[in-house]
S.K.: 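If you scroll down you'll find the structure; I have some questions about it.
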Amino acid sequence: ILEEWFDKPIIEKDGNRAGLIFRPSSDGLKVFKDNKVKKDSSLINQLSYLNNIYNRLIKGDVEPKSFFDYNKFSKHFAYLDLLNGKHSLYPFNLIWYFNPLTKLVEPIAREWSSRSLTEIESLTYDLKDDMFVNKLFSDKNFVKLYFDELQNVSSSKYVINFFDEIKNDKDSILNILYKDYPYYDYSMDYLIRNQKYLNKRLNDFSNDIVINLDIGNQNDLKISIKNFGQLECQIHSLELNGKVKKVDNNFILEGDGEKHLILNDLYEFEDLSNIEDLFIKYSLPQINELKVYVKKILIPNNNIFFKNHI
């Protein structure tokens, strides 16, 4: 839903049933057109339910998935990132719609908040200080949905296909604007620029994984894997001097976590006596289950030292 006017016709135009439109705040819910709500028994019941589950959400008594429509909010956040329109997420700009059929809350976007002249500097995912954003991203299922949508809007064909799809409507509106603003030019260059930032950020998450080769407590060779980010990391395999060893599928490294792989448990003595190349393959499944990163692990120059600890 895009904000035009908070009334029944705009809700129904978007294919939704008439429901409550409200703004969340520390003092509770501010419902728009509350005089009409008080005269409608159906809306009164909706408000009673909404107040109850909202208070339980704030207290942490219900999971976010029981309050938010994950599909709608994941798309909403990704679109805001593409448009650099996070102004919509300021507390005094939050406007939501309660869907009486799903009993879930959906976002209403503010189309004027896109900042085409301002360089994009962050993702919605970075706004962990916001209570509602934080609650949504606390659920791994929502994180996966969000990054799926972010992958979608950051693809090279997304903007082009979108403008091809709306070409007739866009041209019709531009013809009206040209009567008063003959030199008006709507460029999608800033969207392409924002897509470059989104793709860079998606790739940069792999740098949160830091991997080192070290000596363990039992004089064995171990690979230390540290996750300095919040996204899950799955280790797939190791490759030592061309020999590949698969790693257990359950080797998942949580955010801010650290795990170790003992090379002595995976390779024979003769393999470890002369380590020339060592690679590790891993993925960040919450961003892209299919994309696998390959990182070369630095081998210390004093290889003789390692031989003495095998």
Side-chain angles (χ1 to χ4, degrees), residues 1-4 14-16 64-65 68-90 93-97 104-128 130 132-137 139-170 173 186-208 229-232 283-293:
I1 301 173
L2 282 176
E3 173 193 335
E4 292 182 44
D14 287 322
N16 294 289
K65 66 180 181 181
F68 297 104
D69 186 316
Y70 276 14
N71 288 323
K72 298 288 179 66
F73 270 91
S74 60
K75 287 181 170 63
H76 177 59
F77 285 178
Y79 295 154
L80 292 182
D81 288 339
L82 174 62
L83 295 168
N84 194 18
K86 285 179 280 297
H87 186 266
S88 290
L89 296 176
Y90 293 171
N93 284 334
L94 290 178
I95 301 170
W96 294 341
Y97 159 70
L104 294 173
V105 168
E106 304 174 12
I108 296 180
R110 314 197 76 169
E111 76 282 5
W112 53 265
S113 66
S114 175
R115 298 179 293 174
S116 60
L117 300 179
T118 305
E119 290 285 339
I120 182 172
E121 297 178 344
S122 63
L123 301 176
T124 307
Y125 180 75
D126 301 323
L127 306 179
K128 300 298 179 60
D130 181 277
F132 299 113
V133 171
N134 190 50
K135 283 185 177 294
L136 280 162
F137 281 117
D139 189 330
K140 296 177 182 178
N141 294 317
F142 180 80
V143 173
K144 181 67 173 65
L145 286 172
Y146 164 72
F147 278 110
D148 284 347
E149 293 298 338
L150 204 61
Q151 293 273 1
N152 181 39
V153 302
S154 64
S155 66
S156 58
K157 295 181 179 180
Y158 181 83
V159 172
I160 295 173
N161 290 342
F162 174 76
F163 279 100
D164 285 344
E165 184 179 333
I166 67 165
K167 184 179 186 305
N168 292 336
D169 290 337
K170 174 174 165 285
I173 294 172
Y186 183 85
S187 172
M188 63 181 186
D189 289 350
Y190 86 101
L191 296 176
I192 304 300
R193 180 194 69 204
N194 289 350
Q195 282 185 317
K196 291 179 180 179
Y197 174 84
L198 300 186
N199 280 300
K200 181 181 184 302
R201 285 297 308 276
L202 287 169
N203 288 325
D204 285 350
F205 280 110
S206 66
N207 297 328
D208 290 335
Q230 299 299 317
L231 299 174
E232 290 181 349
S283 64
L284 303 174
Q286 289 173 298
I287 292 182
N288 189 334
E289 294 175 332
L290 301 179
K291 185 170 184 177
V292 176
Y293 301 93

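The figures here come from the full heavy-atom set of this structure, side chains too, leaving out hydrogens, waters and symmetry mates.
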S.K.: Is the shortest side-chain heavy-atom distance between L136 and F77 below 4.5 Å?
M.R.: yes
S.K.: With heavy-atom distances below 4.5 Å as the criterion, would you say the side chains of L82 and E149 are in contact?
M.R.: no
S.K.: Roughly how far, to the nearest 0.5 Å, is the NZ atom of K144 from the CD atom of E232?
M.R.: 11.0 Å
S.K.: What's the spacing between N141 CG and K65 NZ if we round to 0.5 Å?
M.R.: 7.0 Å
S.K.: List the steps, then state whether side-chain contact (heavy atoms from CB on, under 4.5 Å) holds for N288 with L284.
M.R.: CA-CA 6 Å; N288 189 334; L284 303 174; over 6 Å; no
S.K.: Measuring from atom OH of Y190 to atom CD1 of I192, what distance do you get when rounded to the nearest 0.5 angstrom?
M.R.: 11.0 Å
S.K.: Mind checking the CG-NZ spacing from L231 to K140? Nearest 0.5 Å is all I need.
M.R.: 11.0 Å
S.K.: Ring centres of Y90 and H87 under 6.0 Å apart?
M.R.: yes
S.K.: Does any N or O in the side chain of Y197 come within less than 3.5 Å of the main-chain N or O of S122, such that one atom is a donor and the other an acceptor?
M.R.: yes
S.K.: When rounded to the nearest 0.5 angstrom, what is the spacing between CG in N93 and CD1 in I108?
M.R.: 12.5 Å
S.K.: Considering non-hydrogen atoms only, spot the tightest contact between D130 and V133 and give its length.
M.R.: OD1-N, 2.9 Å
S.K.: Below 30° counts as parallel, above 60° as perpendicular, anything between as tilted: where do the rings of Y146 and F142 land?
M.R.: parallel
S.K.: Taking atom types as modelled, is there a side-chain donor on Y97 or D69 under 3.5 Å from an acceptor on the other?
M.R.: no
S.K.: Report yes if the side chains of R193 and E119 come closer than 4.5 Å at any heavy-atom pair, otherwise no.
M.R.: yes
S.K.: Is there side-chain contact between L198 and R201, with at least one heavy-atom pair below 4.5 Å?
M.R.: no
S.K.: Check the orientation of Y186 and F163. Use parallel for under 30°, tilted for 30 to 60°, and perpendicular for over 60°.
M.R.: tilted
S.K.: Can you find a pair of side-chain heavy atoms, one from K128 and one from F137, that are under 4.5 Å apart?
M.R.: yes
S.K.: Would you indicate whether the side-chain heavy atoms of Y125 and D81 approach each other to under 4.5 Å?
M.R.: no
S.K.: List the residues meeting side chain to side chain donor-acceptor pair (under 3.5 Å) with S74, not counting sequence neighbours, and say none if there are none.
M.R.: none
S.K.: Work out which heavy atom in Y293 is nearest to a heavy atom in S283; give both atom names and the distance.
M.R.: CD1-CA, 4.3 Å
S.K.: Looking at side-chain heavy atoms only, is the closest gap between L191 and L83 below 4.5 Å?
M.R.: yes
S.K.: Are there over 12 heavy-atom neighbours, none belonging to Y158, within less than 6.0 Å of that residue's OH?
M.R.: yes
S.K.: Starting from the C-alpha separation in whole Å, work towards a yes-or-no answer on side-chain contact (heavy atoms from CB on, under 4.5 Å) for K157 and D164.
M.R.: CA-CA 10 Å; K157 295 181 179 180; D164 285 344; over 6 Å; no
S.K.: Could you check whether D139 and Y70, counting side-chain N and O atoms only, form a donor-acceptor pair closer than 3.5 Å?
M.R.: yes
S.K.: Tell me whether the centres of the aromatic rings in F205 and F147 are closer together than 6.0 Å.
M.R.: yes
S.K.: Looking at every heavy atom in both L202 and S154, which two are closest together, and how far apart are they?
M.R.: CD1-OG, 3.7 Å
S.K.: Given side chains that start at C-beta, do those of P107 and K72 come closer than 4.5 Å, heavy atoms only?
M.R.: yes
S.K.: Which atom names give the shortest non-hydrogen contact between A78 and V153, and what distance separates them?
M.R.: O-CG2, 3.9 Å
S.K.: Applying side chain to side chain contact (heavy atoms under 4.5 Å, CB included) between L150 and each of L145, N199, L123, T124, report the one that passes.
M.R.: L123
S.K.: About how many Å separate CD of E106 and CG of L104, when rounded to the nearest 0.5 Å?
M.R.: 7.5 Å
